[in-house]
Amino acid sequence: MSLKEPSSPIDEKQSVDDVKLSVPEVDHDAEVGYDIYASTKDNLVFTPAEERVIIRKIDLWILPCFCLTQGLAFLDKTALNYGNLFGMKADLHVTSAQYSWFAGAFYFGYLVSVEPSTWLLQRLVRAYHTGKIMGSVCTIWGVVVIPGLGLMTPFWWRIREQPYCFNGVAGIVGGFLAYGLGHVTNAAVPSWALIFLTLGAITTAWGVYILLMLPDSPVTAPFLDDRQKAIAIKRVAENKTGIKNKTFKLYQAVQAFQDPKTWLLILAAAAAQIPNGVVTNFSSIIISNMGFTQFQTTLLDIPGSIIQILSLVGSGYLAGKFKNSRAILMFIGNAACIIAAACLTYAPQDQKWGRLAAFWFTSFSSVGFAMGFVMVSANVGGFTKRQVTSAATFIAYCVIQNIAGPHTLIDSEEDIGYPTATKAMLAGYTVKTACHILLGLYMWYENRRRDALADASGDDISEEERARLAEEAGMNDVTEFDNKYFRYVL
């Protein structure tokens with residue numbers, strides 16, 4: 001494909017008969033699953049019972065791989081938080097300022113590796129499967145885990161099936177694990193080191209499993225027969241954003257940074273990670289400072305994870321049941337965080353249980369986080385564009401959360417509840433909310449504009465036909481900007 005292809009939306013005055021001209025020429029050999037899709041799209045009919053069988057197989061084989069990989073990545077990040085509670089700072093003679101940089105150092109790896117890793121996920125597929133790359137990197141370290149999972153999720157599930165997050169479960173497991181390891185006596189290493197060694201060993205072993213068991217896409221899934229592969233591809237083709245293309249396309253990378261959605265997602269991610277940097281790295285300090293013991297703190301961190309699970313399951317259910325409700329659910333989750341941060345900032349210091357409950361409710365931030373990445377997979381067409389958008393969002397995630405966020409907790413404010421940190425959390429949640437509102441309004445306006453242009457140009461086609469044409473363009477790796485039949489999912 002030429003690198004000079006237009007990055008502006010397709011001219012709405014084209015007739016439906018000219019749809020072939022509106023789809024840029026692509027190398028179908030580079031488009032994963034296109035050959036199966038093209039050969040079956042006109043005559044493939046399947047029953048709901050057949051689809052349920054396929055979904056069950058995908059959920060049993062793929063979903064555990066995704067969930068446990070994400071959960072272990074989260075535990076690896078929060079190990080520093082547990083280690084701090086069990087004396088790591090004192091044993092290593094680390095100052096609070098140095099500890100803040102320790103918390104940030106983990107994400108410098110994210111910062112420098114996220115885009116090369118996502119590039120490898122696309123390019124090396126000519127020789128190696130994405131699942132093999134994920135497993136190899138997971139075995140070494142979890143730097144590619146979150147963006148990699150974000151790119152792979154639409155390979156397997158429809159939009160309404162995509163919200164998932166295992167961080168809450170991982171938080172519960174981590175709390176109990178730290179509680180148990182904290183009681184170990186006569187070990188060759190201190191308790192905090194035992195936490196790191198245990199989590200590191202589990203992650204490495206799990207990476208080997210991913211390397212061996214995670215298929216690249218439905219095309220290579222060993223648990224699906226040929227007909228089931230065709231149905232699985234047809235299902236995700238209905239997302240209208242394609243599956244995966246093996247060729248990096250420069251015009252799509254440029255288009256990603258011309259897209260207002262990209263910048264709103266970047267700003268939302270940056271704002272959200274100021275409070276997340278505090279919660280992820282310092283929750284044990286904040287809770288213990290409310291007047292709880294070391295072991296009480298490890299257990300009292302768990303209810304926040306339970307709230308996170310309930311909020312994600314509830315929002316995912318509602319998003320699947322009610323069309324175009326994601327933007328509203330993101331607002332509700334963000335609003336809960338604003339209220340919680342305000343209570344942490346302004347509630348009396350002697351109201352420790354009320355302040356603790358407020359801290360638990362900051363876990364609603366995961367609703368906006370998870371659905372923000374669903375917004376990428378659901379509303380960004382073209383694999384290169386989706387890859388770049390995801391990587392750019394994660395760069396903002398790394399820089400802010402772990403460079404700025406940890407430094408808002410100031411030791412001299414310990415006796416007054418760390419007001420700088422809680423005010424930073426409040427400000428971050430507020431900016432994140434504003435960005436998500438603007439994102440929803442932009443996509444709503446764009447849908448209205450496209451509908452109006454289609455009416456004005458005389459494209460009198462049914463909703464079913466429009467969806468079919470949008471689906472076919474998506475399977476040709478056309479971006480949502482260039483696909484005039486695409487409509488954003490709110």
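Computed from a predicted structure; not experimentally measured. Every heavy atom of this structure was used, including side-chain atoms; hydrogens, water molecules and symmetry mates were not.
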**Study point:** Pairwise distance CD1(Ile231) to CD1(Ile36) - rounded to 0.5 angstrom
**Key:** 11.5 Å
**Study point:** Residues forming a ring-ring contact (aromatic ring centres under 6.0 Å, His included) with His183, sequence neighbours excluded
**Key:** Tyr179, Phe295
Exercise for review: Could you name each residue pair satisfying salt bridge (Lys or Arg N to Asp or Glu O under 4.0 Å) that touches residues 261-274, not counting sequence neighbours?
Suggested key: Asp259-Lys261, Lys261-Glu480
Review point. For residues 425-441, which residue pairs qualify under side chain to side chain donor-acceptor pair (under 3.5 Å), counting only residues two or more places apart or in two chains?
Key: Asn334-Lys432, Asn334-His436
Check your understanding: Is there side-chain contact between Ile287 and Asp301, with heavy atoms separated by less than 4.5 Å?
Key -> yes
Exercise for review: Measure the spacing between CD1 of Ile210 and OG1 of Thr203 and express it to the nearest 0.5 Å.
Suggested key: 11.0 Å
Revision key, fill the gap. OG1 of Thr393 to CE of Met375, rounded to nearest 0.5 Å, is 13.0 Å
Exercise for review: For residues 302-326, pull every pair meeting ring pair (Phe, Tyr, Trp, His ring centres under 6.0 Å), keeping only residues two or more places apart or in separate chains.
Suggested key: none
Could you pull out every donor-acceptor pair under 3.5 Å between side chains of residues 347-359 and any protein atom, sequence neighbours left out?
from   : atom 1 : to     : atom 2 : distance (Å)
Gln349 : NE2    : Ile416 : O      : 3.2
Arg355 : NH1    : Leu344 : O      : 2.6

Check your understanding: Just by distance, do the side chain of Ser363 and the backbone of Gly304 share a donor-acceptor pair under 3.5 Å?
Key -> yes
**Study point:** Counterpart residues, salt bridge (charged side-chain N to carboxylate O under 4.0 Å, His left out), relative to Lys234 (two or more places apart)
**Key:** Glu471
Review point. Can you tell me if Trp263 uses its side chain to pair, donor with acceptor, with the backbone of Phe257 under 3.5 Å?
Key: yes
Exercise for review: Kindly indicate whether the side chain of Glu51, heavy atoms from C-beta on, has any atom under 4.5 Å from the side chain of Ile55.
Suggested key: yes
**Study point:** Contact check, side chains of Met425 and Ile274, non-hydrogen atoms, under 4.5 Å
**Key:** no
Study note, to complete from the structure: salt bridge (charged side-chain N to carboxylate O under 4.0 Å, His left out) filter on Glu50, not counting sequence neighbours, yields Arg227
Check your understanding: Shortest non-hydrogen contact from Ala319 to Leu329?
Key -> N-CD1, 3.6 Å
Review point. Is any side-chain heavy atom of Leu426 less than 4.5 Å from a side-chain heavy atom of Tyr346?
Key: yes
Study note, to complete from the structure: Sorted by chain and residue number, the side-chain hydrogen bond (donor to acceptor under 3.5 Å, both in side chains) partners of Ser311 (sequence neighbours excluded) come out as none
Review point. Phe292 and side chain to side chain contact (heavy atoms under 4.5 Å, CB included): which partner among Thr298, Leu299, Leu300?
Key: Leu300
Using residues 188-200 as the side-chain source, report each donor-acceptor pair under 3.5 Å to any protein atom, sequence neighbours left out, with the distance given to one decimal.
from   : atom 1 : to     : atom 2 : distance (Å)
Trp192 : NE1    : Asp91  : OD2    : 2.8
Thr198 : OG1    : Leu194 : O      : 2.8

Point to revise | pair Leu490-Ser325: side-chain heavy atoms closer than 4.5 Å | key: no
Point to revise | Expected output: side-chain Asn379 to main-chain Tyr488 donor-acceptor under 3.5 Å | key: no
Exercise for review: Please confirm whether the backbone N or O of Pro419 pairs with a side-chain atom of Thr422, one donor and one acceptor, at under 3.5 Å?
Suggested key: yes
Check your understanding: Looking at Cys65 and Trp206, what are the two nearest heavy atoms and their distance?
Key -> CA-CZ2, 3.7 Å
Check your understanding: Roughly how far, to the nearest 0.5 Å, is CZ of Phe364 from CD1 of Ile338?
Key -> 13.5 Å
Exercise for review: Compare all side-chain heavy atoms of Trp156 with those of Val236 and state whether any distance is below 4.5 angstrom.
Suggested key: no
Review point. Between Trp157 and Phe66, how do the two ring planes meet: parallel, tilted or perpendicular, split at 30° and 60°?
Key: perpendicular
Revision key, fill the gap. With sequence neighbours left out, the residues meeting side-chain hydrogen bond (donor to acceptor under 3.5 Å, both in side chains) with Ser284 are Asn81
Exercise for review: Determine the minimum heavy-atom distance between Ser366 and Leu312, stating which atoms define it.
Suggested key: O-CD2, 3.4 Å
**Study point:** Heavy-atom check, side chain of Ile332 versus side chain of Val367, under 4.5 Å
**Key:** no
Point to revise | Whether Thr297 side chain and Thr293 backbone form a donor-acceptor pair below 3.5 Å | key: yes
**Study point:** Short side-chain donor-acceptor distance under 3.5 Å, Thr420 and Glu413
**Key:** yes
Check your understanding: Between Arg386 and Val380, is there a donor-acceptor pair closer than 3.5 Å when you use the side chain of the first and the backbone of the second?
Key -> yes
Point to revise | Heavy-atom closest contact (Phe86 atom, Ala178 atom, distance) | key: CZ-O, 3.5 Å
Practice item. May I ask you to decide if Pro260's main-chain N or O and Tyr442's side chain share a donor-acceptor pair within less than 3.5 Å? Key: no
Practice item. Determine, stepwise, if the pair Met371 / Ser315 fulfils side chain to side chain contact (heavy atoms under 4.5 Å, CB included). Key: CA-CA 9 Å; Met371 291 200 172; Ser315 60; 3.6 Å; yes
Check your understanding: Does Asp225 offer a backbone N or O that forms a donor-acceptor pair with the side chain of Gln228 under 3.5 Å?
Key -> yes
Practice item. For side chain to side chain contact (heavy atoms under 4.5 Å, CB included), just list the numbers for Leu177 and Leu75, CA-CA rounded to whole Å, side-chain angles, deciding distance to a tenth of an Å, and then say yes or no. Key: CA-CA 10 Å; Leu177 182 66; Leu75 283 175; 5.6 Å; no
Review point. Taking C-beta and beyond as the side chain, do Ser365 and Pro275 meet within less than 4.5 Å on heavy atoms?
Key: no
**Study point:** From CG (Leu318) to CD1 (Ile328), nearest 0.5 Å
**Key:** 10.5 Å
**Study point:** Within residues 219-240 or reaching into it, pairs that qualify as ring pair (Phe, Tyr, Trp, His ring centres under 6.0 Å) - sequence neighbours excluded
**Key:** Trp61-Phe223
Exercise for review: With sequence neighbours excluded, tell me which residues meet side chain to side chain contact (heavy atoms under 4.5 Å, CB included) with Ala201.
Suggested key: none
